[in-house]
Participant: 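Attaching a single structure in structure tokens format; questions to follow.
Residue numbering restarts at 1 for every chain, and letters A, B, ... go by the order of the sequence lines. Small disclaimer: the values here were computed from a predicted structure and weren't measured.
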Amino acid sequence: MRAFTYTEPGTVTEAVAALAAAGPGARFLAGGTTLYDLMKLGVEAPAAVVDVHRIAGLATIDTSGPAELVFGGGARMADVAEDPVLLRDYPALAESLAKAASQQLRTMATVGGNLLQRTRCAYFRGGRPFACNKREPGSGCAAREGLDRGHAVLGISDACIATYPGDWAIALIAFDAVVDVLGPAGERTVPLAQLHVEPGEHPEREHTLAPGELILRIRVPTTGTGRGSTYHKIRDRESYAFALTSAAAAVALDADGTVTDARLALGGVATVPWRAAEAERSLVGQPLSPDASRRAGEIVFADAVVGTSNGYKIELGIRTVVDALRIAGERATQ
Amino acid sequence: MAVPNQAVPTTVAGSVPAAFQVNDRLVELDLDPRESLLDVLRERLGMTGTKKGCDHGQCGACTVHIDGRRVVSCLTPAVQVRGTTVTTIEGVAGPDRELHPLQQAFIDNDALQCGYCTPGQIMSGLACIAEGHADTDDRAREYLSGNLCRCGAYEGIIAAVRGCSAQGTAEEVSG
Ligand SMILES: Cc1cc2nc3c(=O)[nH]c(=O)nc-3n(C[C@H](O)[C@H](O)[C@H](O)COP(=O)(O)OP(=O)(O)OC[C@H]3O[C@@H](n4cnc5c(N)ncnc54)[C@H](O)[C@@H]3O)c2cc1C
Ligand code: SF4
Ligand code: FES
Ligand code: FES
């Protein structure tokens with residue numbers, strides 16, 4: 001591992017200043033479960049690391065307000081997953097965390113760092129001699145001719161087909177979350193839907209944060225639709241694995257069972273957290289039937305492009321949507 | 001916790017002075033910021049009870065507690081434990097070396113074969129009980145899924161943790 005300068009500032013303002021002072025290639029370190037892991041693999045090699053994992057105030061969780069739920073960027077996944085308001089009123093948010101990683105990792109990992117976790121593509125993690133445009137721009141993409149069973153079918157480009165691996169961002173994007181960040185130029189707010197970028201010709205660029213911007217908090221507008229929600233995650237084994245396909249689904253129903261509000265986002269199948277707006281619109285104003293749910297799933301995958309071994313993700317993804325909407329519908333009527 | 005919290009502004013290239021507690025021992029070391037807690041425990045403190053399986057957060061063999069919460073020590077940069085109390089498998093038995101009830105339950109339930117995953121299973125099991133996640137078989141399985149056992153001793157492991165949970169015997173170590 002490349003040697004680096006280690007700094008542990010006491011406040012967020014000091015952290016932003018320390019990162020700016022450290023120059024290009026410096027990184028914030030939170031739980032380290034992505035960054036330190038990739039540093040061990042030599043895939044990340046920052047010259048300076050600014051540790052934010054115990055900055056007071058960065059880990060605050062406040063779900064008591066009438067207008068929004070607030071999660072400090074440094075809050076631990078394990079703590080947010082057990083928040084009583086989330087468990088009762090937004091099960092999709094709680095489940096997206098509880099079904100991610102393992103409890104040991106969730107007590108370390110932060111909900112801010114989680115958003116910026118990097119792909120599990122084996123060629124990206126494996127380092128040289130594998131070609132990888134994300135790790136080494138212009139070198140090619142080994143997954144194209146290689147093992148692509150876990151790779152994306154939506155939002156891909158010629159340069160990269162790596163899946164966005166996280167679960168939390170999938171549930172957040174369905175609930176219109178925004179992210180407050182602090183940088184050298186001050187504070188600004190980024191809608192989660194504009195945080196991640198598809199690979200295009202530059203897969204090395206994964207998000208729209210400027211270098212040195214610190215995620216202060218994630219905010220989610222409150223909504224009654226949260227009660228009828230689920231995060232449905234299909235894995236190779238029942239627990240402790242990344243999603244093959246997943247769906248965050250939420251519905252509100254009127255007294256006749258007609259859908260008045262629908263939220264749908266998918267994980268495991270796309271290069272970025274994938275909000276399925278057109279599929280959502282197809283559900284509103286209709287009864288929540290298996291046929292309508294299946295049609296919504298088909299809309300999501302209408303433009304999917306498959307590779308050698310990931311074609312199964314289309315049918316599995318559609319069925320994941322159908323199951324997720326069924327669970328959400330049951331919860332909405334309880 | 002006897003150690004002062006050192007989360008004060010520090011900028012260090014090369015070596016970071018650190019003080020932390022490991023079980024009942026106060027440790028003072030200069031750390032290279034690249035070192036993992038796992039390597040510090042095993043290579044610098046000679047505490048080889050904590051095992052290295054994958055070194056990438058995937059197997060749970062290296063599980064320890066920091067201030068009572070379970071973590072994987074392979075993905076914990078050692079500099080992050082300054083000022084904390086680390087509990088390892090060596091700190092689980094009683095003062096006269098009598099086995100902790102969960103250790104005894106592993107023996108009684110045949111919860112190991114080669115034993116390589118066992119220190120991690122026990123540290124995870126203790127935390128699982130203390131967190132309240134061992135109240136049903138399904139929940140215990142879910143919350144122990146971060147600990148892989150190549151020998152497949154899962155049935156015994158779940159039986160040991162569930163049995164101990166029912167007796168309420170884990171709290172005494174989670175510190
Ligand atoms: C074995 C294993 C299994 C996993 N399984 C899953 C899974 O099933 N589902 C899932 O969703 N995730 C999974 N993960 C990923 C894990 O959830 C993420 O690694 C974790 O959430 C990242 O958070 P962290 O605090 O550890 O971030 P770090 O590793 O510390 O940081 C990650 C990145 O975010 C940046 N960063 C961190 N905090 C901030 C901040 N406040 N502001 C700006 N930038 C910041 C860092 O600079 C770095 O680039 C798994 C990880 C492992 C090792
Ligand atoms: S899919 Fe993306 S991350 Fe994987 S090898 Fe190709 S360019 Fe790299
Ligand atoms: S050695 Fe740490 S999880 Fe495998
Ligand atoms: S007892 Fe051998 S790995 Fe678990």
Side-chain angles (χ1 to χ4, degrees), chain A residues 1-11 13-15 17-18 21-22 29-41 43 45-56 76 78-79 81-82 98-109 120 125 235 237-242, chain B residues 5-16 18 31-37 39 54-84 120 123-124 127-128 131-133 138-139 141-148:
Chain A
M1 194 187 300
R2 176 174 168 192
F4 57 87
T5 307
Y6 174 83
T7 311
E8 187 177 22
T11 67
T13 316
E14 285 171 21
L29 173 72
T33 60
T34 288
L35 182 60
Y36 186 52
D37 187 29
L38 291 173
M39 287 165 70
K40 285 182 158 192
L41 291 167
V43 171
V49 160
V50 176
D51 190 349
V52 298
H53 93 287
R54 53 182 163 189
I55 289 181
R76 297 297 189 267
D79 295 330
E82 302 210 337
K99 293 181 181 181
S102 67
Q103 184 72 358
Q104 289 96 310
L105 290 160
R106 294 190 294 263
T107 62
M108 305 165 68
R120 306 299 291 195
R125 289 175 58 84
R235 294 166 270 190
R237 56 188 179 201
E238 182 68 19
S239 176
Y240 192 29
F242 287 92
Chain B
N5 190 317
Q6 298 193 336
V8 290
T10 44
T11 304
V12 193
S15 115
V16 182
L31 295 171
D32 182 319
R34 289 174 287 189
E35 288 178 287
S36 69
L37 174 60
D39 284 347
C54 64
D55 212 20
H56 287 285
Q58 298 172 3
C59 74
C62 66
T63 302
V64 301
H65 300 180
I66 298 177
D67 290 340
R69 301 192 87 179
R70 51 174 153 161
V71 302
V72 286
S73 58
C74 66
L75 291 189
T76 303
V79 287
Q80 288 196 331
V81 307
R82 287 172 304 140
T84 71
M123 297 315 291
S124 214
C128 184
E131 291 158 7
H133 290 138
D138 282 352
R139 237 147 85 91
R141 267 194 201 97
E142 174 62 43
Y143 280 85
L144 291 171
S145 69
N147 292 81
L148 306 188

Participant: Is chain B contacted by the side chain of Met108(A), its backbone, both, or neither, given a heavy-atom distance below 4.5 Å?
Facilitator: side chain
Participant: Can you say whether Cys74(B) sits under 4.5 Å from chain A via the side chain, the backbone, both, or neither, judging by heavy atoms?
Facilitator: both
Participant: Which residue out of Ser102(A), Ala48(A), Ala3(A), Ala18(A) racks up the most heavy-atom pairs below 4.5 Å with chain B?
Facilitator: Ala3(A)
Participant: Please look at Glu131(B) and chain A and tell me whether the side chain, the backbone, both or neither of the residue comes under 4.5 angstrom of a heavy atom of that chain.
Facilitator: side chain
Participant: For chain B, find which of Lys99(A), Glu82(A), Arg2(A), Lys40(A) contributes the most heavy-atom pairs closer than 4.5 angstrom.
Facilitator: Lys40(A)
Participant: If I compare all heavy atoms of Ser239(A) with all of Ser145(B), which pair ends up nearest, and what's the gap?
Facilitator: OG-OG, 2.7 Å
Participant: Go through the atoms of Arg237(A) and report whether side chain, backbone, both or neither lie under 4.5 Å from a heavy atom of chain B.
Facilitator: side chain
Participant: I'd like to know if the side chain of Tyr240(A) reaches the main chain of Leu148(B), judged simply by a donor and an acceptor atom lying under 3.5 Å from each other, with no hydrogens or angles considered.
Facilitator: no
Participant: Should Arg76(A) and Arg106(A) count as side-chain neighbours, where that means a heavy-atom distance under 4.5 Å?
Facilitator: no
Participant: Go through the steps to decide whether Gln80(B) and Leu29(A) satisfy the test side chain to side chain contact (heavy atoms under 4.5 Å, CB included), and finish with yes or no.
Facilitator: CA-CA 10 Å; Gln80(B) 288 196 331; Leu29(A) 173 72; 3.4 Å; yes
Participant: What residue, out of Leu144(B), Asn147(B), Val72(B), has the most heavy-atom pairs lying under 4.5 Å from chain A?
Facilitator: Val72(B)
Participant: So, using ring-ring contact (aromatic ring centres under 6.0 Å, His included) as the criterion, who are the partners of His53(A) when residues are at least two apart?
Facilitator: none
Participant: Is a donor from one side chain sitting under 3.5 angstrom from an acceptor on the other, for Ser124(B) and Arg70(B)?
Facilitator: yes
Participant: Name the region of Asp51(A), side chain, backbone, both or neither, that has any atom closer than 4.5 Å to a heavy atom of chain B.
Facilitator: side chain
